[in-house]
Amino acid sequence: QVQLVESGGGLVPPGVSLRLSCAASGRTFSTYAVGWFRQPPGKEREFVAAISRSGHNTDYVRSVSGRFTISRDNAKNTVYLQMNSLKPEDTAVYYCAAKFSPIDSVLVRQYTYWGQGTQVTVSS
C-alpha cells in the first residue's frame, strides 16, 4: 500500500514558477513509477509527466515540455514537478500517481495509487 500526498500548489501570476511535491509512504517507493496528472476546470484529467523508478527516464505531454521538469528523490520518498513559465492554461488540480514497476520504464498503462490533488491557479 502506498499513500501519496501532494503539496506546493497555489495562486500565482503568469510567468512565475512553482514546485509541486508528491510525498509517498512505504519503504519500496523506489520500485514505483510515478506520474503527474492534472484536471483543468470542467475538463477531463490529463497526463502531464512521468518518471521511472530510478529517475533516469522521463516523459512529458507536449504542452509542458521544456517548461516542466519531473524529478525524484528516492531517499526522501518524494517526486517533484518543477513548473516554470506558468500559463493560465496550466490552471488545474494536479495529482500524482504511482504504480509498482518491475523495470525502469515510464510506460504505465494504469496507475494504482493516487493522491488527493493540489490546486494550481495561474491568474493575473
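Heavy atoms only: backbone and side chains are in, while hydrogens, waters and symmetry mates are out. Everything quoted here is computed from the prediction, not taken from an experiment.
- Using modelled atom types, no side-chain atom of T121 and backbone atom of L11 make a donor-acceptor pair closer than 3.5 Å.
- In the model, Q110 has no side-chain atom that pairs as donor or acceptor with a side-chain atom of T112 under 3.5 Å.
- One N or O on the side chain of D104 and one on the backbone of S54 form a donor-acceptor pair closer than 3.5 Å.
- The backbone N or O of Q116 lies less than 3.5 Å from a partner atom in the side chain of E6, making a donor-acceptor pair.
- Screening V34, I51, I70, V64 for a side-chain contact (heavy atoms from CB on, under 4.5 Å) involving L81 leaves a single residue, I70.
- Looking at T91, its side chain does come within 3.5 Å of a backbone N or O of V122 through a donor-acceptor pair.
- Among residue pairs with one or both ends in residues 54-97, none qualify as ring-ring contact (aromatic ring centres under 6.0 Å, His included); sequence neighbours excluded.
- Residues R38 and R45 fail the side-chain proximity criterion, which asks for heavy atoms closer than 4.5 Å.
- Separating the OG atom in S63 from the CG atom in D90 is a distance of 7.0 Å, to the nearest 0.5 Å.
- A continuous path of Ile, Leu, Val, Met, Phe, Trp and Tyr side chains, each step under 4.5 Å between heavy atoms, connects V120 with V16, placing both in one hydrophobic cluster.
- Legend: ring-ring contact (aromatic ring centres under 6.0 Å, His included) pairs involving residues 22-43, not counting sequence neighbours, sorted by first then second residue: F37-F47, F37-Y111, F37-W114.
- For the pair L20 and Q82, the minimum side-chain heavy-atom distance is 4.5 Å or more.
- Using a 3.5 Å distance cut-off with no hydrogens or angles, the side chains of D73 and T78 do not pair a donor with an acceptor.
- Here the OG-CZ distance, from S30 to R72, works out to 7.5 Å after rounding to the nearest 0.5 Å.
- By the side-chain contact (heavy atoms from CB on, under 4.5 Å) test, T31 is found to be paired with T28, R53, F100, residues two or more places apart in sequence or in another chain being considered.
- A donor-acceptor pair under 3.5 Å is absent between the side-chain atoms of S52 and the main chain of V106, judged by distance alone.
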S17/M83 under side-chain contact (heavy atoms from CB on, under 4.5 Å): CA gap, chis, key distance, verdict: CA-CA 5 Å; S17 299; M83 305 186 297; over 6 Å; no

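- Within 6.0 Å of atom CD in Q3, 12 or fewer heavy atoms from other residues, nucleotides or ligands are found, so the atom counts as exposed in its surroundings.
- No side-chain heavy atom of K87 sits less than 4.5 Å from a side-chain heavy atom of P14.
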